[in-house]
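What follows is a single structure, written as structure tokens, with notes after it.
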Amino acid sequence: MSVPPSPSKDFIREIIDEDLSSGKHESTVTRFPPEPNGYLHIGHAKSICLNFGLAEEYGGRCHLRFDDTNPAKEDVEYVDSIKEDIQWLGFDWGDHLYYASDYFDKLYEWALVLIENGKAYVDDQTFEEIRMGRGDLNTPGTDSPFRDRSPEENAEIFKAMKNGEFDDGSKVLRAKVDMAHPNLNMRDPVLYRIARAHHHRTGDAWCIYPMYDFTHGQSDALEYVTHSLCTLEFENHRPLYEWFLENLPVPSYPRQIEFSRLNLNYTVMSKRKLLQLVEENHVEGWDDPRMPTISGLRRRGYPPEAIRNFCKTIGVTKFESTNDMALLESGVREVLNQNSLRFMAVLNPIKIVVTNYPEGQVEEIESPANPENPEAGTRKFCFSREIYIERDDFMEDPPKKYFRLSPGNEVRLRNAYFIKCEEVIKDDQGEVIELRCTYDTDTPRGQNPSDGRKVKGVVHWVSASHSIDATVRLYDRLFSVESPDSGENSFLDHINPDSVVELPNAKLEHNLADVANGETVQFERLGYFCVDKDSTPENRVFNRTVGLRDSWAKAKDQP
RNA sequence: AACUCCAUGGUGUAACGGUAGCACAUCACAUUUUGGUUGUGAUUGUCAAGGUUCGAAUCCUUGUGGGGUUGCCA
């Protein structure tokens, strides 16, 4: 088994290297074990990239296993979306699709093994009594009055539990470990509960369901998983994970290793909060482009490659860090700068009449489709007497260092001529509604004027009669503070009121009519935009994926 | 307060007893028909105190700070 040379490895890869070189394992088997009770988010992407990435690097395999032991919360809708998201991210579980529910029979059999060995018992106490008996952080627990039932009696009652002879919640099966253990997870943890809930796969075959702790390690063992990677909150479950492996006739002995979960600033990541955003209509759904869900990022236009690169960059440690959204966005720009085709689009148009350009004349201009990639070829678009430019690209009374159009000033029209603003036309309210400009015939694409004069500003534009109408949605961070979670107020109080701004009157270069749904392109000088699923042939809808880096925006905000 | 894990620039992440490096962010300058890209440079860091050692971010001790755990959720 060859290991790719790498200058530095995270602690998990170091463990795997050791296990391989010591001969403990011959190959590496990992697994990604989501519970199908919600949509995947970028935090899951970290785990997916780690587990599937490891399998690729080490020539091993990674299983997709749905941890479906709590039917009350789970649904096939989630199973499907999870599969779709993993594939979109670029990973493949091949034939290795499993469900914890595949092991219900084996787990039941193993529960009987524990009972037989005097290591599990049926407890008739109420939920409340069990909770009280557990003690707390500083107080040891006390033994249940049912703790010393005989193996025979326990087996009989447990079978009756399975056969549906008791009410939901009336009994549980518990492991017999140590009620005084300093680790609360070891104080006779519950193994099975009675719950008459319809399971998305096993239907109504079962009325008892195993708990996470009694399921996870054994499932790993049954699949011959070598390294079972999970997040830090399962650290104190590890002794229990190992207790089951030691007390059951498992076919293999996986190792649980914990790493820190992904945190991102300016967003929230917990399933509960994401659900709340959806249910209370603060966003338009799980795939709202402002959501940190995989489906949201996809709809936003983030390339999967950028998400994979991001996960690689942030690394794997046990330190609970908060990553900067700017790092993710920078990775998105990096990929998109290389790959995306360029177009001109005017989001907030103002009309210009080029007074010295002949009426009715149309000129075709050819320009690189992507200057970063000559193989992308060229595109053609039209210039004419009436064009639109961005309202932001004109100021009647500009501040210093403003390179764009203003009265008497000259700028370059991107890919076309120099124009000079000769006249400003306003309506009754004093609002600028049109500009009259003249152009320099000496300055078409690729040419500077023969008198050698230069111009500082370049402005994008579209020909009025050749443009198409569109709606453009400008997305920004969902929260206006770095840690919406912290502090005394609800995270909802920090929702950014401008997280989406809809511009209904955008004018696009006509080539943009052909861009496929879901594809991300660059609007020159503005940013990257992606065709939204709401788009129709009559009205194109684009989402802003991320803006270009904008040093002017920063400069002008400074006092 | 019990158990447990963690601590390196603003944010992340390397350095495995021997030069504290990289990315993002920030700020300059250069290039540029995208105020983009690209290039060059600058700024900023080992939680604290002791100890071991020729030498400590790294090993030891203590302290400080932070996270997790008291579901019949995962």
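Here is the naming used below: chain letters follow the sequence lines, and residue numbers restart at 1 for every chain.
- When rounded to the nearest whole Å, the span between CD of Glu334(A) and P of U38(B) equals 8 Å.
- Side-chain proximity of Ile130(A) to U34(B), C72(B), C27(B): nearest is C72(B).
- Going from atom OH of Tyr266(A) over to atom C1' of C24(B) covers 14 Å, rounded to whole Å.
- Between the C1' atoms of A74(B) and U69(B), the separation comes to 14 Å (whole Å).
- Ring-plane geometry between Tyr99(A) and Phe66(A) is classed as parallel, the angle between the planes falling under 30 degrees on a 0 to 90 degree scale with a further cut at 60.
- Each of Phe11(A) and Thr443(A) has a nearest nucleotide on RNA chain B; the 5'-most of these lies closest to Phe11(A).
- No close placement of the Tyr121(A) and Phe158(A) rings is indicated, their centers lying 6.0 Å or farther apart.
- In this structure, the nucleotide among G35(B), G67(B), G12(B) sitting nearest to the side chain of Tyr402(A) is G35(B).
- Proximity of Thr317(A) to the phosphate of C6(B): no side-chain N or O atom is located under 4.0 Å from OP1 or OP2.
- Side-chain to base pairing of His237(A) with A74(B): one donor and one acceptor N or O lie within less than 3.5 Å of each other.
- The phosphate of U37(B) has OP1 or OP2 within less than 4.0 Å of a side-chain N or O from Arg549(A).
- Annotated as syn: G71(B), whose glycosidic dihedral is within 90° of 0.
- Put simply, the side chain of Arg412(A) and the base of U33(B) share a donor and an acceptor less than 3.5 Å apart.
- Atom pair Arg187(A):CZ and A2(B):C1' shows a separation of 8 Å (rounding to whole Å applied).
- Taking atom OH on Tyr209(A) and atom C1' on C72(B), their separation rounds to 14 Å, with Å as the unit.
- One can place CG of Leu327(A) at 12 Å from P of U26(B), the figure rounded to the nearest angstrom.
- Ring centroids of Phe383(A) and Trp461(A) are separated by less than 6.0 Å, placing the two rings close together.
- Looking at the side chain of Glu235(A), the nearest of the listed nucleotides C72(B), U4(B), C24(B) is U4(B).
- When both distances must be under 3.5 Å, the Watson-Crick or G-U wobble mate of G17(B) does not exist.
- A close approach under 4.0 Å does occur between a side-chain nitrogen or oxygen of Ser551(A) and OP1 or OP2 of G36(B).
- Base pairing analysis places U69(B) opposite A2(B); the two distances defining the Watson-Crick or G-U wobble pair are each below 3.5 Å.
- A residue-by-residue look at Thr322(A) and Thr69(A) shows that Thr322(A) has its nearest nucleotide of RNA chain B further toward the 5' end.
- Ring pair His216(A)/Tyr212(A) is tilted by interplanar angle, where 30° to 60° counts as tilted.
- Nucleotide A7(B) has U64(B) as its partner under the Watson-Crick or G-U criteria, with both atom distances under 3.5 Å.
- The ring of Tyr417(A) has its center closer than 6.0 angstrom to the ring center of Tyr439(A).
- Rounded to whole Å, the distance from CG on Asn337(A) to P on U37(B) is 7 Å.
- Partner assigned to G39(B) is C29(B), using Watson-Crick or G-U wobble distances below 3.5 angstrom.
- Both thresholds, 5.5 Å between centres and 30° between ring planes, are not jointly met by Tyr212(A) relative to the base of A74(B), so the two rings are not stacked.
- For the ring pair (Phe, Tyr, Trp, His ring centres under 6.0 Å) with Phe542(A), the qualifying choice from Phe529(A), Phe523(A), Tyr528(A), Phe343(A) is Phe523(A), the only one to do so.
- Taking atom C1' in both U38(B) and G45(B), one finds a spacing of 29 Å when rounded to whole Å.
- Rounded to whole Å, the separation between the P atoms of C3(B) and G18(B) comes to 34 Å.
- Whole-Å rounding puts the Lys554(A) NZ to A28(B) P distance at 10 Å.
- Atom NZ of Lys271(A) is separated from atom C1' of G71(B) by 16 Å (rounded to the nearest Å).
- Here the separation of U58(B) from G21(B), taken at their C1' atoms, is 15 Å to the nearest Å.
- Taking the P atoms as reference points, G36(B) lies 49 Å from G50(B), given to the whole Å.
- Looking at Glu74(A), Lys73(A), Lys271(A) one by one, the single match for side-chain hydrogen bond (donor to acceptor under 3.5 Å, both in side chains) with Asn37(A) turns out to be Lys271(A).
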